Asks: 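This is the structure, below, for whatever I ask next.
Treat the numbers as computed from the prediction; the structure is a model and nothing was measured. Counting begins at 1 with the first residue of the sequence. Both backbone and side-chain heavy atoms feed into the values below; hydrogens, waters and symmetry mates do not.
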Amino acid sequence: MNFYEEEILETIRSHIESGEVLVSPDSSGIFRALEMSFPLDSSRIDWSLVPGAVRKFGRKDDEGREFENFFREIVVNKGLRGNVTYVGDGNTEFSLTCPIDTMLRIAPVIVSAVPQHHYFVGENGDWCASFMSEGEMAFGFSQHRDG
């Protein structure tokens, strides 16, 4: 386990110990699901090819709060429910799964603590919200989702 993983897990320890957040040591299955559900440009989602995607560029001074506000607005406006799984594409290997309300509370910590691309994936890969290390935030539904 590296420094970034230890920092995140220590910060959200109470959520893990209560069973609210489940930690999986391997995130490769989530990335395979993203690859099957969203168009990619190199190693990231190409949001320009996702119909109806929402994109925003945040300020660098408070990335965590900027993403929290963006994600909360998306959750409310799109009526998202259920569990969400977090994965990062460079400095973390694990995935974190929890209810959306919990993720809204811990996402600012994750985004602020680790310099990498961050993906927050809905159940069955139906949707994804992302925060890129350059400050871009995005959300879209999978082209392959049910309904």
Asks: Can you tell me if N2 uses its side chain to pair, donor with acceptor, with the backbone of N91 under 3.5 Å?
Replies: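 Side chain of N2 to backbone of N91: a pair is present.
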Asks: Kindly compute the distance separating CD1 (I30) from SG (C128), expressed to the nearest 0.5 Å.
Replies: 10.5 Å
Asks: Give me the atom names and distance for the closest heavy-atom approach of T102 to H15.
Replies: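 Closest pair (atom of T102, atom of H15, distance): CG2-ND1, 4.0 Å.
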Asks: Would you say Y86 and M103 make side-chain contact, with heavy atoms under 4.5 Å?
Replies: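 Yes, at least one pair of side-chain atoms sits under 4.5 Å.
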Asks: Please assess F71 against N69 for the test side-chain contact (heavy atoms from CB on, under 4.5 Å), listing each intermediate value before the final yes or no.
Replies: CA-CA 6 Å; F71 192 27; N69 292 336; over 6 Å; no
Asks: Can I100 be reached from V76 by stepping across I, L, V, M, F, W or Y side chains whose heavy atoms are under 4.5 Å apart?
Replies: no
Asks: Any chance you could lay out the side-chain contact (heavy atoms from CB on, under 4.5 Å) test for I106 and I8, step after step, and finish with the verdict?
Replies: CA-CA 9 Å; I106 67 174; I8 290 171; over 6 Å; no
Asks: Parallel, tilted or perpendicular: which fits the ring planes of F67 and F70, with parallel below 30° and perpendicular above 60°?
Replies: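 Taking F70 first and then F67, their aromatic rings sit tilted (interplane angle of 30° to 60°).
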Asks: How many angstroms lie between CZ in F3 and OG1 in T92, if you round to the nearest 0.5 Å?
Replies: 13.5 Å
Asks: Report the residues that fulfil side-chain hydrogen bond (donor to acceptor under 3.5 Å, both in side chains) with R81, sequence neighbours left out, ordered by chain and then residue number.
Replies: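 Scan of R81 (side-chain hydrogen bond (donor to acceptor under 3.5 Å, both in side chains), adjacent residues dropped) gives none.
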Asks: For residues V50 and L40: do they belong to one hydrophobic cluster (side chain heavy atoms under 4.5 Å, members Ile, Leu, Val, Met, Phe, Trp, Tyr)?
Replies: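 Yes: a chain of side-chain contacts under 4.5 Å links V50 to L40.
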Asks: Once you round to the nearest 0.5 Å, how far does CG of L22 lie from CD1 of I16?
Replies: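 With rounding to 0.5 Å, CG (L22) is 9.5 Å from CD1 (I16).
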Asks: To the closest 0.5 Å, what do you measure between OG1 (T97) and CG (N83)?
Replies: 7.0 Å
Asks: Enter the distance from E10:CD to E5:CD here, rounded to the nearest 0.5 Å.
Replies: 14.0 Å
Asks: Give the minimum heavy-atom separation between A107 and F120, together with the two atoms involved.
Replies: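 Looking at all heavy atoms of both residues, the closest pair is CB-CE2, 3.9 Å.
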Asks: Sub-3.5 Å donor-acceptor pair from the side chain of S142 to the main-chain atoms of S37, do we have one?
Replies: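 Confirmed, S142 side chain pairs with S37 backbone.
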Asks: Which pair of non-hydrogen atoms, one from V87 and one from S95, has the smallest distance, and what is that distance?
Replies: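 Looking at all heavy atoms of both residues, the closest pair is CG1-CB, 3.7 Å.
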Asks: Rounded to the nearest 0.5 Å, what's the gap from CG on D41 to CG on L49? Could you check?
Replies: 8.0 Å
Asks: Taking CD in E93 as the centre, count heavy atoms belonging to other residues, nucleotides or ligands within less than 6.0 Å. Is the count above 12?
Replies: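 12 or below, so no.
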Asks: Less than 4.0 angstrom from a charged side-chain N to a carboxylate O is my criterion; do E68 and R65 meet it?
Replies: yes
Asks: Should E63 and F131 count as side-chain neighbours, where that means a heavy-atom distance under 4.5 Å?
Replies: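 Sidechains of F131 and E63: in contact.
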Asks: Looking only at heavy atoms, what is the nearest atom pair of M1 and E6, with distance?
Replies: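 The answer is O-OE2, 3.6 Å.
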Asks: Between S133 and Q116, is the side chain to side chain donor-acceptor pair (under 3.5 Å) condition met? List the steps.
Replies: CA-CA 5 Å; S133 56; Q116 66 181 353; over 6 Å; no
Asks: Taking only Lys NZ, Arg NE, NH1 and NH2, and the carboxylate oxygens of Asp or Glu, determine whether K78 and E73 approach each other closer than 4.0 Å.
Replies: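 Answer for the salt bridge query: no.
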Asks: Between R55 and E136, does any NZ, NE, NH1 or NH2 come within less than 4.0 Å of an OD or OE carboxylate oxygen?
Replies: yes
Asks: Which atom pair, heavy atoms only, marks the closest approach of G88 to F31?
Replies: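 That closest heavy-atom pairing would be O-CZ, 3.3 Å.
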Asks: Under 3.5 Å, side chain of N124 to main-chain N/O of D126, donor-acceptor pair present?
Replies: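 Such a contact is absent between N124 side chain and D126 backbone.
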Asks: Does the side-chain contact (heavy atoms from CB on, under 4.5 Å) test come out yes or no for I45 and Y119, once each step is laid out?
Replies: CA-CA 10 Å; I45 295 173; Y119 298 94; 4.0 Å; yes
Asks: If we ignore hydrogens and angles and just use 3.5 Å, is the side chain of T11 paired with the main-chain N or O of E7 as donor and acceptor?
Replies: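 Yes; at least one donor-acceptor contact below 3.5 Å.
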Asks: Would you say D89's side chain and H118's backbone share a donor-acceptor pair under 3.5 angstrom?
Replies: no
Asks: What about V84 and M36, same hydrophobic cluster or not, with Ile/Leu/Val/Met/Phe/Trp/Tyr joined at side-chain heavy-atom distances under 4.5 Å?
Replies: no
Asks: For the pair S112 (side chain) and V109 (backbone), establish whether a donor and an acceptor sit closer than 3.5 Å, ignoring hydrogens and angles.
Replies: no
Asks: Check the pair S130 / W47 against side-chain contact (heavy atoms from CB on, under 4.5 Å), numbers first and verdict last.
Replies: CA-CA 10 Å; S130 67; W47 291 107; 3.1 Å; yes
